[in-house]
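Everything on this sheet refers to the single structure shown next.
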Amino acid sequence: GFATNLWSDNHTVCAPSFFYTNLRRFHQFQFPRSCWIFRGWPPPIKNTIANFVPTKSYNTMLEIRNLHASVEGKEILRGVNLTIGDGEVHVLMGPNGSGKSTLSHVLVGNPKYEVTEGSITFNGKDLLALSPEDRAHEGIFMSFQAPIEIPGVSMTNFMRAALNAKRKYFGQEPIGAGEFLKLLKEKRQLVGLDAHFMSRGVNEGFSGGERKRNEIFQMAVLQPLFSILDETDSGLDVDALRIVAEGFNMLRTPQTSAMVITHYQRMLDYLKPDFVHVLVKGRVVKEGDASLGYAIEERGFDWIREEVEE
């Protein structure tokens, strides 16, 4: 999750969050919903970009304003505006290539993505001024679409170093061995990971479902304020998706929020998001509640493109 991505030109495995720097010390080499059989489908879209009004008051956690970003000289994000409050789950949907994953990488500070205009505020701080590891210290976590292996670094050592890096940032003492092992046991049971996974290399030999559960396990141990799930449901069977979603739901609190990228309504079924946003050509063009996601599942994105072009 937060600590598995190749961002370095020299192929050093680096972490896009607070473990971004510390990992170098370890490693220098490289259901479906039941058929809609009732009358009145599709359900009405309760809100649009024009009249969308949040249904509850909240403190703003993340505020994105007029965000433009490029990768390798090509502009991907073209003026994203998005506000996420405490305790909310927002789903981000859109056609392939619309900028969903780009937005995620910009939020965690991937240096390959250049912000050319706009601002991002996270709990009152200028997020763009923070390094990737400091963004994670402040509470941002990303679960990757395709987590990679880190051979030779055991899950136990990996997670202990990551957790202690966060504790150091806040002036706390390193966690004791007994307390840490108790914590690992509690959190791995949350997502159904056996004890033997803790002695194996990070994601080494893990199946696709085990890797996704490992992402949620990392999230459980680190307790971020804001989690980004980038197509975590991709490649999961029904049982694995249920385990991952239930683990995620058990971690939800009034103080934590999430942005979930998905193409499938089954994630809506499990997560019951507060809001759904549609990204097209690098801009949020439509917003609503979960009914918008179900309408997209039934009708695709063409009708939204047509509305935008009108």
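The basis for the numbers below is simple: all heavy atoms, side chains too, and nothing from hydrogens, waters or symmetry mates.
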Who are the side chain to side chain donor-acceptor pair (under 3.5 Å) partners of Asp302, not counting sequence neighbours?
Arg305
Sequence neighbours excluded, which residues qualify as side chain to side chain donor-acceptor pair (under 3.5 Å) partners of Thr156?
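So Thr156 forms no side chain to side chain donor-acceptor pair (under 3.5 Å) with any residue.
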For Phe170, what are the other residues in its hydrophobic cluster, where any two members join if their side-chain heavy atoms are less than 4.5 angstrom apart?
Tyr169
OH of Tyr264: more than 12 outside heavy atoms within 6.0 angstrom?
no
Nearest heavy atoms of [X] and [Y], plus distance in Å:
X      : Y      : value
Asp230 : Met142 : OD2-CE, 3.9 Å
Arg283 : Gly79  : CG-O, 4.2 Å
Ser104 : Met259 : OG-CE, 3.7 Å
Gly99  : Leu279 : C-CD2, 3.4 Å
Lys187 : Gln223 : NZ-NE2, 4.2 Å

Going by the rule ring pair (Phe, Tyr, Trp, His ring centres under 6.0 Å), which residues pair with [X] if we only count those two or more places apart in sequence or in a different chain?
X      : result
Tyr113 : His105
Phe197 : Phe206
Phe226 : none

Taking side chain as C-beta onward, heavy atoms only, is Phe141 less than 4.5 Å from Leu225?
no
Would you sort out whether Lys286 and Glu307 count as a salt bridge (Lys or Arg N to Asp or Glu O under 4.0 Å), showing the intermediate values?
CA-CA 9 Å; Lys286 199 172 188 66; Glu307 286 185 2; 3.1 Å; yes
